[in-house]
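These values consider heavy atoms only, across backbone and side chains, with no hydrogens, waters or symmetry-generated copies. Since the structure is predicted, the reported quantities are computational estimates derived from the model, not experimental observations.
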Amino acid sequence: MNVVIIGKGKMGTLLEQTAIANGMNVLGKADLFDPSALENSLDQVDVILNFSHPDNLEWLLQTISHHSIALVEGTTGYSQTQKDMLFEFSNTHPVFFSANYSLGIAILCQLAKKVSAQLKEKWDIEVVETHHNQKVDAPSGTALALVEALDPEHEFEHVYGRQGSVGKRQKEIGIHALRGGTIPGKHEIHFFGQDEELTLSHNAQSRQIFVNGAIHAAKFMVGKPNGLYDMNDLVSLN
């Protein structure tokens, strides 16, 4: 399998090292400022791994628009307009898109959906995410994915933190972001019932778990028809 990696930072380096360790042929790393590794290999690359900056998206989609290349997309912080561009692109290309490539998080999302379906009418729900002090977006894309799993019909108000005299709790899901230190990522879902609490949580111990999931997704995407894929296509509790 021939791959090109978008982004030259820490994540790009980990992706390159892990891809090689898994027997993939890494043709190079590219970005908006130095696109040569991609532009010189458009007829060879099978899958692109993009875990970089949102500014790379438009250039990337334009560059590969006329080539049969699968895209594994893990960049966070996209605007809704950029997400719409990516979704439209999946009509003509196979695209794997997830806010979090941890297999454990994929299972947590499915558990969240199942538990919420049972408890949401009587129990209160809160989501808390914690990340390192260099993360620029909040709440995390993973936290938003968990909220979507908890509330797929959008029945609840989504409250991002609380301040002042907010009154009694309504039909809502609270979402909270903590930032500090070097924590790769921690996500907790709290279900508060009458005299009891149920907590589902996932603690990432390094970025490597996301890299492993991305490599797994890249292998999965080889030969896939055009369309939009996510972690639910890799793991299932059904």
Measure the spacing between CG of Leu108 and CE of Met231 and express it to the nearest 0.5 Å. 12.0 Å

Answer yes if Ile125 and Tyr160 sit in the same cluster of Ile, Leu, Val, Met, Phe, Trp and Tyr residues linked by side chain heavy atoms under 4.5 Å apart, and no otherwise. yes

Heavy atoms of other groups near Lys171 NZ, more than 12 under 6.0 Å: yes

Could you tell me whether Asp34 and Lys29 make a salt bridge, using a distance below 4.0 angstrom between a side-chain N and a carboxylate O? no

Scanning both residues in full, the closest heavy-atom pair of Leu71 with Leu60 reads CD1-CD2, 3.9 Å

Report yes if the side chains of Trp123 and Phe192 come closer than 4.5 Å at any heavy-atom pair, otherwise no. no

Take atom CD of Gln205 as the centre, draw a 6.0 Å sphere, and report whether it contains more than 12 heavy atoms from other residues, nucleotides or ligands. no

Pair Leu150, Val127 - check side-chain contact (heavy atoms from CB on, under 4.5 Å), show working. CA-CA 10 Å; Leu150 291 163; Val127 175; 3.6 Å; yes

Are Val166 and Phe156 connected in the hydrophobic side-chain network, where two residues link if heavy atoms are under 4.5 Å apart? no

Crowded around Lys135 NZ? As in, over 12 foreign heavy atoms under 6.0 Å? yes

Can a salt bridge be assigned to the pair Lys8 and Glu16 using a cut-off of 4.0 Å between side-chain N and carboxylate O? no

For the pair Thr75 and Leu57, evaluate side-chain contact (heavy atoms from CB on, under 4.5 Å) and give the outcome as yes or no after the intermediate values. CA-CA 9 Å; Thr75 303; Leu57 182 65; over 6 Å; no

Do Asn226 and Asn91 have side chains that approach each other closer than 4.5 Å (heavy atoms only, starting at C-beta)? no

For the student: nearest non-hydrogen atoms of Ala37 and Val4, plus distance: O-CG2, 4.1 Å

Verdict with reasoning, Asn25 to Val3, per side-chain contact (heavy atoms from CB on, under 4.5 Å): CA-CA 6 Å; Asn25 181 29; Val3 302; over 6 Å; no

Should we say atom CD of Gln44 is surrounded by more than 12 heavy atoms from elsewhere, each under 6.0 Å from it? yes

Are Leu32 and Tyr78 linked, directly or through other ILVMFWY residues, by side chains that come within less than 4.5 angstrom of each other? yes

Spacing of CG belonging to Leu38 relative to CD1 belonging to Ile64, to within rounding of 0.5 Å: 7.0 Å

Hey, does the Lys NZ or Arg CZ of Lys224 hover above the aromatic six-ring of Phe220, less than 6.0 Å from the centre and inside 45° of the axis? yes

Can you see whether Glu129 engages His176 through a side-chain donor-acceptor pair at a distance of less than 3.5 angstrom? no

Taking the side chain as C-beta and beyond, is there a heavy-atom pair between Val222 and Met1 under 4.5 Å? yes

Would a line drawn from the ring center of His131 to the ring center of His187 be shorter than 6.0 Å? yes

Spell out, yes or no, whether Ile20 and Val47 are grouped together once hydrophobic residues are joined by side-chain heavy atoms under 4.5 Å, including indirect joins. yes

If hydrophobic clusters are built from ILVMFWY residues whose side chains come within less than 4.5 Å, do Val159 and Val147 share one? no

Here the gap from Leu61 atom CG to Gln82 atom CD, rounded to the nearest 0.5 Å, amounts to 9.5 Å

Heavy-atom donor-acceptor pair, His53 side chain to Asp55 backbone, under 3.5 Å: yes

Between NZ of Lys120 and CD of Glu155, what distance do you get to the nearest 0.5 Å? 3.5 Å

Test log, rule salt bridge (Lys or Arg N to Asp or Glu O under 4.0 Å), inputs Arg169 and Glu157: CA-CA 11 Å; Arg169 184 187 182 97; Glu157 180 184 1; over 6 Å; no

In sequence, state the C-alpha distance, the side-chain angles, and the governing distance for Met24 and Ile215, and then conclude on side-chain contact (heavy atoms from CB on, under 4.5 Å). CA-CA 9 Å; Met24 298 179 180; Ile215 297 302; 3.5 Å; yes

Between CE of Met11 and CD1 of Ile6, what distance do you get to the nearest 0.5 Å? 13.5 Å

Gap between atom CD1 of Ile183 and atom CG of Asn133 - 0.5 Å precision: 9.5 Å

In residues 95-103, what donor-acceptor pairs under 3.5 Å come from side-chain atoms, sequence neighbours left out?
unit_1, atom_1, unit_2, atom_2, d
Ser98, OG, Asn100, N, 3.1
Ser98, OG, Asn100, O, 2.7
Asn100, OD1, Ser102, N, 2.8
Asn100, ND2, Thr142, OG1, 2.9
Tyr101, OH, Glu73, N, 3.4
Tyr101, OH, Glu73, O, 2.7
Tyr101, OH, Phe96, O, 3.2
Ser102, OG, Gly104, N, 3.1
Ser102, OG, Ile105, N, 3.1
Ser102, OG, His202, NE2, 3.3

Exceeds 12 heavy-atom contacts within 6.0 angstrom, atom CD of Gln208: yes

Look at the rings of His154 and His158 and say which category their plane angle falls in: under 30° parallel, 30 to 60° tilted, over 60° perpendicular. perpendicular

Sequence neighbours excluded, the answer for ring pair (Phe, Tyr, Trp, His ring centres under 6.0 Å) partners of His216 is none

For Phe89, all residues meeting ring pair (Phe, Tyr, Trp, His ring centres under 6.0 Å), sequence neighbours excluded: His93

Polar contact flag, side-chain donor to acceptor under 3.5 angstrom, Asn56-Ser52: yes

Ser116 and Gln118 side chains, donor-acceptor separation under 3.5 Å: no

